[in-house]
Novice: 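Structure provided below as structure tokens; questions to follow.
To find a chain, count down the sequence lines: A is the first, B the second, and so on, and within it residues start at 1.
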2 protein chains.
Amino acid sequence: EEPLISGIAFTANEAKLTLLNTPDVPGVASRILGPIADANIEVDMIVQNVAPAGDYTDFTFTVAKGDYKQTLKILNEQVLPDLGEGEVKGDDNIAKVSLVGVGMRSHAGVASKMFRVLSEENINIRMVSTSEIKISVVIDEKQMELAVRALHSAFGLDKDDIESE
Amino acid sequence: EEPLISGIAFTANEAKLTLLNTPDVPGVASRILGPIADANIEVDMIVQNVAPAGDYTDFTFTVAKGDYKQTLKILNEQVLPDLGEGEVKGDDNIAKVSLVGVGMRSHAGVASKMFRVLSEENINIRMVSTSEIKISVVIDEKQMELAVRALHSAFGLDKDDIESE
Ligand SMILES: C[C@@H](O)[C@H](N)C(=O)O
Ligand SMILES: C[C@@H](O)[C@H](N)C(=O)O
């Protein structure tokens with residue numbers, strides 16, 4: 001399946017929250033998100049990677065910038081005391097930029113080109129998450145325009161293929 | 001937007017590879033995936049979380065089980081020498097299970113319920129990645145059937161809503 005890049009999506013209306021060093025045991029993920037769900041806060045990305053030594057890992061999710069302060073409060077006042085260990089870190093100076101297309105998942109080439117284009121602009125990739133139709137990266141908010149412009153020209157997209165989420 | 005869960009997708013035809021402790025600087029992500037793309041190996045999930053102390057992070061991706069050994073070889077023989085630091089870890093005893101539906105991204109409730117259902121079966125979540133229409137978790141391969149059955153009954157799905165990828 002040849003990848004067909006149809007556009008770039010981007011948004012600066014995100015903030016990320018990370019539970020660092022959470023125990024990697026069943027139940028922890030739902031104990032983190034349960035109180036957030038109870039507060040009716042919309043969650044966009046959820047990213048967890050493997051626990052390097054098999055015992056602790058970091059759990060990150062993003063919310064709308066407007067929900068950042070309240071989410072931070074819930075994590076510090078409800079989730080952390082319930083878990084009994086770990087640390088909360090947040091950052092509301094982020095942007096999410098995604099390359100959208102079909103056949104994405106089958107091509108490491110598209111991903112590695114996207115990452116290379118960003119590195120040529122000295123843009124550091126903070127997080128990565130993919131789906132069948134999208135490769136999304138989280139970067140510093142101030143680099144969003146530069147990232148969108150660089151990807152736009154590298155993948156030969158028209159002006160109207162770019163949409164803000 | 002009320003979430004509408006339309007089904008469960010699952011596959012045991014995955015293996016995960018992690019570059020532990022890679023430098024969190026521009027260019028690293030493309031130096032990891034470039035040689036994999038050059039070998040025409042299909043990549044499915046790509047997951048990277050924040051660098052806890054801002055300097056090193058882990059980078060994970062999945063390939064088809066059949067490509068596991070070759071991918072491990074490329075990482076050890078080409079990528080690691082190029083990066084000059086870090087460690088390669090792989091695991092081909094995994095399965096990916098996804099809850100599929102529309103309106104997913106807006107509901108922490110769906111995610112936290114999915115995670116809770118898995119924890120009630122004592123299934124440990126190794127990785128998490130989401131998109132607008134899917135919440136995907138990586139778990140141990142031997143727990144795949146149990147996970148699919150537990151999610152199937154918890155979300156009230158018919159037999160024909162379950163599809164193997
Ligand atoms: C860290 C968290 O995902 C844990 N492994 C769980 O299953 O809930
Ligand atoms: C770790 C890796 O993603 C790095 N931050 C990069 O931009 O390439």
Novice: Taking a hydrophobic cluster as the set of Ile, Leu, Val, Met, Phe, Trp and Tyr residues connected by side-chain heavy atoms closer than 4.5 Å, whether directly or through intermediates, do B:Val50 and B:Tyr56 fall within one such cluster?
Specialist: no
Novice: Using heavy-atom distances under 4.5 Å, tell me whether A:Phe61 contacts chain B through its side chain, its backbone, both, or neither.
Specialist: neither
Novice: Got a donor-acceptor contact below 3.5 angstrom from the B:Thr130 side chain to the A:Ile46 backbone?
Specialist: yes
Novice: Who are the side chain to side chain donor-acceptor pair (under 3.5 Å) partners of B:Asp58, not counting sequence neighbours?
Specialist: none
Novice: What residues of residues 113-128 of chain A sit under 4.5 Å from chain B when you count only heavy atoms?
Specialist: A:Phe115, A:Arg116, A:Ser119, A:Asn122, A:Ile123, A:Asn124, A:Ile125, A:Arg126, A:Met127, A:Val128
Novice: Is any residue of residues 16-23 of chain A within less than 4.5 Å of chain B by heavy atoms, and which ones?
Specialist: A:Lys16, A:Thr18, A:Leu20
Novice: Could you look at A:Ala29 and say if it's the side chain, the backbone, both or neither that has a heavy atom under 4.5 Å from chain B?
Specialist: both
Novice: With respect to chain A, which residue among B:Arg31, B:Gln48, B:Met45 yields the maximal number of heavy-atom pairs within a distance under 4.5 Å?
Specialist: B:Gln48
Novice: Are A:Met144 and A:Ile8 connected in the hydrophobic side-chain network, where two residues link if heavy atoms are under 4.5 Å apart?
Specialist: yes
Novice: Could you please state which residues from residues 65-84 of chain B sit under 4.5 angstrom from chain A, measuring non-hydrogen atom to non-hydrogen atom, sorted by number, or 'none'?
Specialist: none
Novice: Treating A:Lys89 as the side-chain partner and B:Pro52 as the backbone partner, does any N or O pair qualify as donor plus acceptor under 3.5 Å?
Specialist: yes
Novice: Are A:Val148 and A:Ile5 linked, directly or through other ILVMFWY residues, by side chains that come within less than 4.5 angstrom of each other?
Specialist: yes
Novice: So which residue, A:Asn40, A:Val28, A:Val25, ends up with the most heavy-atom pairs under 4.5 Å with chain B?
Specialist: A:Val25
Novice: Under 4.5 Å, counting heavy-atom pairs only, tell me which of B:Asp38, B:Thr60, B:Val110 racks up the most with chain A.
Specialist: B:Thr60
Novice: Looking at B:Ser136, B:Ser129, B:Ser98, B:Ser131, which hits side-chain contact (heavy atoms from CB on, under 4.5 Å) with A:Ser131?
Specialist: B:Ser131
Novice: Could you tell me which non-hydrogen atom of A:Ala108 sits nearest to which non-hydrogen atom of B:Ala37, and how far apart they are?
Specialist: C-CB, 3.6 Å
Novice: When you group the ILVMFWY residues by side-chain heavy-atom contacts below 4.5 Å and let the links chain together, are B:Ile135 and B:Val138 in the same group?
Specialist: no
Novice: Picking from A:Val47, A:Leu33, A:Asn49, which has the most non-hydrogen pairs under 4.5 angstrom with chain B?
Specialist: A:Asn49
Novice: Of all heavy-atom pairs between A:Ser30 and B:Ser112, which one has the smallest distance, and what is that distance?
Specialist: CB-O, 3.3 Å
Novice: Would you say A:Phe155 and A:Phe10 are hydrophobically clustered, going by side-chain heavy atoms of ILVMFWY under 4.5 Å?
Specialist: yes
